[in-house]
**Student:** 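First the structure, then my questions, so here it is.
Chain letters run A, B, ... following the sequence lines, proteins first, then strands; residues in each count from 1.
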Amino acid sequence: MKDSKDIVKELIQWYKENARDLPWRRTKNPYHIWLSEIMLQQTRVEAVKPYFQRFLQTCPTIEALANTEEDTLLKLWEGLGYYSRVRNLQKAAKTVVDEYGGALPQDYHALRKLKGIGPYTAGAIASIAFSLPYAAVDGNVLRVMSRLTADERDITLASTKGAWEEELSSMMPTGDEGNFTQGLMELGATVCLPNGNPKCEICPVRKYCQAYRKNAVLQFPVKSPKKERTKEYLSVFFLVHRKKIALQKRDGKGLLSGLWQLPNCNQEKALPVALSEWGILSGNIKDMKAQKHIFTHIEWHMSCYFVEVENENKDFLWLSKETVENEYALPSAFKKIWQEGCSLLED
DNA sequence: AATCCGGGGTC
DNA sequence: GACCCAGGATT
């Protein structure tokens, strides 16, 4: 790549002077780096901050993580999304304990074999924690490099990402591996922003940027459109019996697997039928505010009902507000309904 | 190569 | 509403 040596040098210099002070940048503990990189997958820095510290208080070491109850881990991950991340994290922790004596292997290919560690995360841990010459290519890096070189290749293609992984690994500066990796991502996160507001006027590598030179920054990166979401229509129930609220564990597979939810069914089913199939003697049904929740590939349109029922069935758990909030992982999709239901409970 | 898997910020 | 994101596993 043209001017690559100079670009690397400028970028590292800029990063050293402008790096944000983040909790996981104050440590060289590979486990902490690992945890932060998993939490940061598809997730913004500000969202991760409160979770990172709290998680480490409960799981201060890889061995502690390996031995923590899964429900506890899900509660720690509650609201962060992509819950398979924390299951895979624990699987990997057990592997690290069993096969590596509780310390992460200082080897890219060994890291890559651990559950939940893909090309990006392996590169991030290798370069940041172990000063190994492996690039970490994420969405930020692809955007930065696409603009810097006015690269027309579609960044959603695996081939494009693979090419940048090789190219950037070959550019990796000895002694500044972690700074290079983090500098690229920091530039993407704070300067080379997506959409309409890249801050080219403060960019440390502007003079090398081909897209800037062509006055075409917003034409990069090139990416193919993504598929549209399907809509699902649900009836969701806040069922109450003697101040206890019904909670149901979701299936072990698929969306939000293993988390807890308010009982719900397809909107096509009549409400009294749904309740009777659950063995609930229906009481007074009050309408609650309708809710919409958007996932990556699904939209939930929820009609919501507050129902004071006459009996507790055995398919659900009937729990107090406090118990649920302290111990059960409830996905964000249900949070607003939960809040409204609890306030109705007060009356 | 396509699909599945959360959630929140921004314009 | 549209777009984006510090991705990886599964098929």
**Student:** Any side-chain N or O of A:His293 less than 4.0 Å from the OP1 or OP2 oxygen of B:dG6?
**Tutor:** no
**Student:** Can you tell whether the side chains of A:Lys161 and A:Glu165 come within less than 4.0 Å, N to carboxylate O?
**Tutor:** yes
**Student:** Given C:dG7, B:dG7, C:dC4, identify the nucleotide with an atom nearest to the side chain of A:Gln42.
**Tutor:** C:dG7
**Student:** Kindly say if A:Thr121 contacts the phosphate of C:dA6, meaning a side-chain N or O under 4.0 Å from OP1 or OP2.
**Tutor:** no
**Student:** Does B:dC5 have OP1 or OP2 under 4.0 Å away from a side-chain N or O of A:His297?
**Tutor:** yes
**Student:** Quote, to the nearest angstrom, the C1' distance that separates B:dG6 from C:dC5.
**Tutor:** 12 Å
**Student:** Which of the following nucleotides, C:dC4, B:dG6, C:dA6, is nearest to the side chain of A:Arg20?
**Tutor:** C:dA6
**Student:** Starting at the 5' end of DNA chain C, which residue's closest nucleotide do you reach first, A:Ile117 or A:Val141?
**Tutor:** A:Val141
**Student:** Base, sugar-phosphate, or nothing for A:Ala189, non-hydrogen atoms under 4.0 angstrom?
**Tutor:** base
**Student:** Send over the distance from A:Leu255 CG to C:dA9 P, rounded to a whole Å.
**Tutor:** 19 Å
**Student:** Looking at every heavy atom in both A:Ile128 and A:Glu37, which two are closest together, and how far apart are they?
**Tutor:** CD1-OE2, 3.7 Å
**Student:** Is a side-chain donor or acceptor of A:Lys2 paired with a backbone partner of A:Tyr208 at a separation under 3.5 angstrom?
**Tutor:** no
**Student:** If the cut-off is 4.0 Å, is A:Lys113 near the phosphate of C:dG8, judged by side-chain N/O to OP1 or OP2?
**Tutor:** no
**Student:** Over how many whole Å does the gap from A:Met39 atom CE to C:dG8 atom C1' extend?
**Tutor:** 17 Å
**Student:** Answer yes or no: does a side-chain N or O of A:Lys115 lie under 4.0 Å from OP1 or OP2 of C:dT10?
**Tutor:** yes
**Student:** Verify, without hydrogens or angle tests, whether A:Glu340 (side chain) and A:Lys289 (backbone) share a donor-acceptor contact under 3.5 angstrom.
**Tutor:** yes
**Student:** Going by side chain to side chain contact (heavy atoms under 4.5 Å, CB included), name the residues that satisfy it together with A:Ala136, two or more places apart in sequence or in a different chain.
**Tutor:** A:Tyr120, A:Ala124, A:Thr181
**Student:** Give a yes or no on whether a salt bridge exists between A:Lys321 and A:Glu346, defined as a side-chain N under 4.0 angstrom from a carboxylate O.
**Tutor:** no
**Student:** What does A:Val48 touch in the nucleic acid at a heavy-atom separation under 4.0 angstrom: a base, only the sugar-phosphate, or nothing?
**Tutor:** nothing
**Student:** Would you kindly give the CG-to-C1' distance between A:Leu259 and B:dG6, to the nearest whole Å?
**Tutor:** 10 Å
**Student:** Would you mind classifying the nucleic acid contact of A:Leu256 as base, sugar-phosphate or nothing, using non-hydrogen atoms under 4.0 angstrom?
**Tutor:** sugar-phosphate
**Student:** To the nearest angstrom, how far is A:Glu232 atom CD from B:dC5 atom C1'?
**Tutor:** 13 Å
**Student:** Taking the nucleotide of DNA chain C with the nearest heavy atom to each, does A:Ile294 or A:Ala122 sit closer to the 5' end?
**Tutor:** A:Ile294
**Student:** Tell me what A:Lys335 touches on the nucleic acid: a base, only sugar-phosphate, or nothing, going by heavy atoms under 4.0 Å.
**Tutor:** nothing
**Student:** Indicate yes or no: does A:Lys113 engage A:Asp107 in a salt bridge with an N to O separation below 4.0 Å.
**Tutor:** no
**Student:** Answer with base, sugar-phosphate or nothing: what part of the nucleic acid does A:Asn140 contact at a heavy-atom distance below 4.0 Å?
**Tutor:** base
**Student:** B:dC4, OP1 or OP2 - any side-chain N/O from A:Lys227 closer than 4.0 Å?
**Tutor:** yes
**Student:** Between A:Ile298 and A:Asn197, which is nearer to the 5' end of DNA chain B once each is assigned its nearest nucleotide?
**Tutor:** A:Ile298
**Student:** Using the C1' atom on both, measure C:dA9 against B:dG8 and round to a whole Å.
**Tutor:** 23 Å
**Student:** When you measure only distances, ignoring hydrogens and angles, does the side chain of A:Thr43 come within 3.5 Å of the base of B:dG6 through a donor and an acceptor?
**Tutor:** yes
**Student:** With heavy atoms under 4.0 Å as the rule, sort A:Leu22 into base, sugar-phosphate or nothing.
**Tutor:** base
**Student:** Looking across every strand, which nucleic acid part, if any, lies under 4.0 Å from A:Arg229 by heavy atom: base, sugar-phosphate, or nothing?
**Tutor:** nothing
**Student:** Does a nitrogen or oxygen in the side chain of A:Lys253 sit under 4.0 Å from OP1 or OP2 of B:dC5?
**Tutor:** no
**Student:** Between C:dC3 atom C1' and A:Lys226 atom NZ, what is the distance in whole Å?
**Tutor:** 7 Å
**Student:** Closer to the 5' end of DNA chain B via nearest nucleotide, is it A:Asn195 or A:Thr296?
**Tutor:** A:Thr296
**Student:** Need one value for A:Gly254: base, sugar-phosphate or nothing, where a base atom within 4.0 Å counts as base even if backbone is also close, heavy atoms only.
**Tutor:** sugar-phosphate
**Student:** Whether the side chain of A:Arg85 engages the backbone of A:Ile38 through a donor-acceptor N/O pair (distance < 3.5 Å, no angle test) should be reported.
**Tutor:** yes
**Student:** Look at the rings of A:Trp34 and A:Tyr31 and say which category their plane angle falls in: under 30° parallel, 30 to 60° tilted, over 60° perpendicular.
**Tutor:** perpendicular
**Student:** Take atom NZ of A:Lys161 and atom P of C:dG7, then tell me their distance rounded to the nearest Å.
**Tutor:** 9 Å
**Student:** Taking only N and O in the side chain of A:Ser332, is any of them less than 4.0 Å away from OP1 or OP2 of B:dG7?
**Tutor:** yes
**Student:** Starting from P on C:dA9, measure out to CD on A:Gln41 and report it in whole angstrom.
**Tutor:** 8 Å
**Student:** Sort out for me which residue in A:Asn311, A:Val307, A:Asp315 forms a side chain to side chain contact (heavy atoms under 4.5 Å, CB included) with A:Ile280.
**Tutor:** A:Asn311
**Student:** Does anything in residues 55-91 of chain A reach DNA chain B, meaning a heavy atom under 4.0 Å, and if so which residues?
**Tutor:** A:Gly79, A:Leu80, A:Gly81, A:Tyr82, A:Tyr83
**Student:** Please state how far atom CZ in A:Arg44 lies from atom P in B:dG6, giving the value in whole angstrom units.
**Tutor:** 18 Å
**Student:** Looking at every strand, decide which applies to A:Arg250 at a 4.0 Å heavy-atom threshold: base, sugar-phosphate, or nothing.
**Tutor:** nothing
